[in-house]
2 protein chains.
Amino acid sequence: MEQRRVTVRDVAKLAGVSPATASRALSGSVPVSAEVKRKVFRASEELGWSANALARALRTQRTDTVGIVVPAVNNPYFMAVVDVMEAVLAASDRSLMVCDSRDSVEIEAHRVDLLVSRMVDGLVVVPAGGADSLPAIQRAADRVPTVLIDRWVEGAGLDYVGTDNAEGMRLVVDHLQAAGVRSMAFVGARTATSTATGRLQAFRAQAARHRLRVVAEELGEYSFTWGETAARRLLDAELPDAVVCSADIVACGVLNQLHQANVAVPERVRVVGFDDLPLDQITYPPLTSVRQAMAEQAQEALRLLDARAEDPSRPSSRSVLAPSLVVRESSPKAPRHG
Amino acid sequence: MEQRRVTVRDVAKLAGVSPATASRALSGSVPVSAEVKRKVFRASEELGWSANALARALRTQRTDTVGIVVPAVNNPYFMAVVDVMEAVLAASDRSLMVCDSRDSVEIEAHRVDLLVSRMVDGLVVVPAGGADSLPAIQRAADRVPTVLIDRWVEGAGLDYVGTDNAEGMRLVVDHLQAAGVRSMAFVGARTATSTATGRLQAFRAQAARHRLRVVAEELGEYSFTWGETAARRLLDAELPDAVVCSADIVACGVLNQLHQANVAVPERVRVVGFDDLPLDQITYPPLTSVRQAMAEQAQEALRLLDARAEDPSRPSSRSVLAPSLVVRESSPKAPRHG
DNA sequence: GTCTCCTCTGCAACCGTTTTCACGCGTGAC
DNA sequence: GTCACGCGTGAAAACGGTTGCAGAGGAGAC
């Protein structure tokens with residue numbers, strides 16, 4: 001280990017040309033004679049040269065890398081976001097630098113700064129907080145193309161791509177209503193994220209539209225445990241025909257608690273989640289959920305980054321993609337008393 | 001957006017000193033007069049300067065970053081590895097660059113090269129393949145400190161840190177035997193990874209030691225679906241007292257299939273997994289599993305990287321950490337016919 | 001034969017830091 | 001008064017690539 005790195009100068013010397021020519025031959029950006037190209041490649045091969053990405057980036061001012069900051073990589077949902085983003089970038093030979101803000105606005109700010117100082121070509125952020133996430137992100141945004149994903153933050157003139165939560169909730173409630181549900185409970189999170197509030201409000205609107213009774217709105221946090229707790233509360237008070245959850249992880253807790261209380265799902269209560277995690281297929285019973293168009297979101301995020309790189313002064317845009325409902329056994333199509 | 005980046009020269013000019021002095025004041029590496037330090041900081045503040053990490057790294061030859069390559073970030077187990085590695089690095093103010101090899105040796109090689117060209121200070125790899133993963137990794141290893149984690153590869157003179165699979169399997173079988181189990185089946189993966197083969201062999205050894213009957217060894221892949229398939233096969237043939245799974249995700253499939261076939265777990269069959277994913281607490285019933293010392297592994301991996309950076313010629317070392325058994329309802333302590 | 005044009009090559013500067021080296025200056029020892 | 005020393009500072013080189021510019025040389029037009 002620890003031999004001196006071999007540089008383009010070494011290659012050039014061995015090939016008997018100038019570093020400039022060697023560089024041109026290797027990158028292929030500018031035509032060089034066949035003879036020279038052959039010699040340079042041979043030399044490069046022989047020495048085992050490979051370009052130093054940092055030096056190159058410093059000179060060219062591009063890293064072919066975008067950065068992403070998510071509140072928690074170990075959250076299956078954000079993990080999916082990262083995964084699909086990576087796949088989309090790989091298609092255009094770019095790579096992804098992943099950072100975790102651990103749900104803290106301060107750490108988030110550090111991570112954003114870090115990525116900017118690393119000269120990423122673009123930045124994708126799922127903001128950990130609401131307005132308090134903004135300063136750091138906006139500061140980054142006037143150095144590098146930046147797009148918010150999943151969570152919207154009020155007042156930012158930032159590009160955004162996310163899911164139409166209202167439409168998702170409409171699909172859920174339409175589905176439940178068609179299945180003969182008369183009363184519902186909502187189990188969600190108290191957090192101030194746009195997704196949490198958006199889903200709650202859409203739920204209320206749809207319940208009202210269909211004149212369905214809402215027996216409870218349980219607001220806590222996005223966790224399995226909270227789902228369990230909320231389910232216990234519902235059991236103690238009044239059990240509705242259906243429980244609508246604002247996230248799958250919460251729905252899992254609800255399912256589990258109902259199961260333990262010997263409440264039949266879906267016969268007695270229907271349960272619906274949101275996000276359509278891989279997890280949903282392995283719950284018992286498998287969970288009906290709202291699927292977001294993940295790949296399309298990633299694609300769109302990248303498109304927005306590239307568009308802004310092209311024209312930094314273009315107006316900010318907000319892309320909202322339609323989700324779809326994935327019906328599984330926890331809330332089948334068939335009417336309740338059918 | 002897109003103002004010219006502010007450099008240390010700009011700061012220096014504004015503060016009325018040379019770039020060298022500005023750099024020294026800002027980094028604090030070398031004493032400067034209080035007066036100068038004040039002026040430089042004021043100037044830096046005013047201009048909103050922040051160091052370009054690439055330029056710095058190019059000069060100092062350190063990035064304060066380690067790279068990690070895993071076969072699939074969307075696999076909860078590897079995700080946990082990444083997560084804990086990030087946490088450990090953060091403690092010493094370093095960061096992690098994550099790459100996904102998508103279970104392909106070719107992509108893995110690319111990712112490894114990429115990280116090396118980015119001048120990471122260290123490299124952590126969960127090899128996607130067996131011996132065929134080796135060339136790229138070994139090439140990397142003589143440029144930068146490298147450690148394999150989780151999966152061992154024969155013949156590499158590489159540092160390694162992982163879990164004692166034999167000990168884990170001993171815990172499992174001892175536990176089952178103590179609970180009165182007489183016959184077992186093994187559901188695992190056919191892959192040539194050290195973890196897969198290690199667990200299978202340990203299973204056989206432990207079964208022999210306790211003179212327990214092995215009704216079947218079902219080898220497929222690490223997936224939920226495979227767990228379901230294997231369980232169906234067991235149901236069609238002979239159902240043992242316990243099913244030992246080589247990974248939790250497989251155990252989930254088994255549980256699900258047994259549930260659907262109305263086989264009582266743990267009363268009729270006990271099920272045990274391996275890895276102790278967060279997932280295990282939300283299965284029904286919650287899954288008994290072998291917990292690996294993740295945090296300690298990450299810590300140890302980092303220690304090995306640092307040690308090798310210190311002394312590149314030190315002999316390679318192999319750290320194997322003891323796992324522990326987490327007993328849950330899918331396989332309780334109480335004897336079977338108690 | 002001269003002029004123009006075109007292709008390929010080399011020199012040197014550049015990206016933004018850090019660091020080596022040398023120097024100026026003040027202090028204290030002798 | 002000289003010398004050694006320590007401290008803070010600046011000029012310039014370095015990290016490892018790419019690229020603007022200019023020049024060399026050959027081909028083709030007249």
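Chain naming here is simple, since letters A, B, ... match the order of the sequence lines and numbering starts at 1 in each.
Within the 4.5 Å cutoff, side-chain heavy atoms of Tyr77(A) are placed close to those of Gln292(A).
Among the nucleotides dG17(D), dG10(D), dT18(C), the one closest to the side chain of Ser23(B) is dT18(C). The side chain of Arg24(B) approaches dT19(C) more closely than any other nucleotide in the set dT19(C), dT18(D), dG17(D). Comparing dC11(C), dG8(D), dT17(C) by their nearest atom to the side chain of Ser33(B) picks out dG8(D). Closest to the Val30(A) side chain, of the nucleotides dT9(C), dT19(C), dG16(C), is dT9(C). Ranking dT18(C), dG10(C), dT9(D) by closeness to the Val32(B) side chain, first place goes to dT9(D). Picking from dT17(C), dC15(C), dT18(D) the nucleotide with the shortest atom distance to the side chain of Leu58(A) gives dC15(C).
Salt-bridge annotation for Asp113(A) and Arg118(A): absent, with no side-chain N of the basic residue lying under 4.0 Å from a carboxylate O of the acidic one. Remark: Arg42(B) does not engage Glu45(B) in a salt bridge, criterion side-chain N to carboxylate O under 4.0 Å. A salt bridge links Arg38(A) with Glu35(A): the distance from a Lys NZ or Arg NE/NH1/NH2 to an Asp or Glu carboxylate oxygen falls below 4.0 Å.
Mapping Leu26(A) and Pro19(B) onto DNA chain D by nearest heavy atom places Pro19(B) at the nucleotide closer to the 5' end. Between Ala55(B) and Ala20(B), the residue whose closest nucleotide on DNA chain C is further toward the 5' end is Ala55(B).
One can place CZ of Arg56(B) at 13 Å from C1' of dT19(C), the figure rounded to the nearest angstrom. Arg5(B) has its CZ atom 11 Å from the C1' atom of dT17(C), to the nearest Å. Here the C1' atom of nucleotide dT19(C) and the CZ atom of Arg62(B) are 16 Å apart, to the nearest Å. With rounding to whole Å, Met119(B) atom CE is found 13 Å from dT18(C) atom P. Rounded to an integer number of Å, the gap from CZ of Arg9(A) to C1' of dA14(D) is 10 Å. Atom CG of Asp64(B) is separated from atom P of dT18(C) by 12 Å (rounded to the nearest Å). Protein atom CD of Gln61(A) is 13 Å distant from nucleotide atom C1' of dT17(C), rounded to whole Å. Rounded to an integer number of Å, the gap from Lys13(B) NZ to dG16(C) P is 13 Å.
Residue Val11(B) is classed as having no contact, given no heavy-atom separation below 4.0 Å to the nucleic acid. Within the nucleic acid shown, Ser50(A) comes within 4.0 Å of sugar-phosphate atoms alone, with no base atom in reach, counting heavy atoms only.
In this model, a side-chain donor or acceptor of Arg59(B) finds a partner on the base of dT18(C) within 3.5 Å.
Within the 4.0 Å cut-off from OP1 or OP2 of dG16(C), not a single side-chain nitrogen or oxygen of Trp49(B) is found. The phosphate of dG10(D) has OP1 or OP2 within less than 4.0 Å of a side-chain N or O from Ser18(B).
Considering Asp64(A), Asp121(A), Asp306(A) in turn, Asp306(A) is the only one that fulfils the salt bridge (Lys or Arg N to Asp or Glu O under 4.0 Å) rule with Arg94(A).
With hydrogens and angles ignored, the 3.5 Å screen pairs no side-chain donor or acceptor of Arg151(A) with any backbone N or O of Thr195(A).
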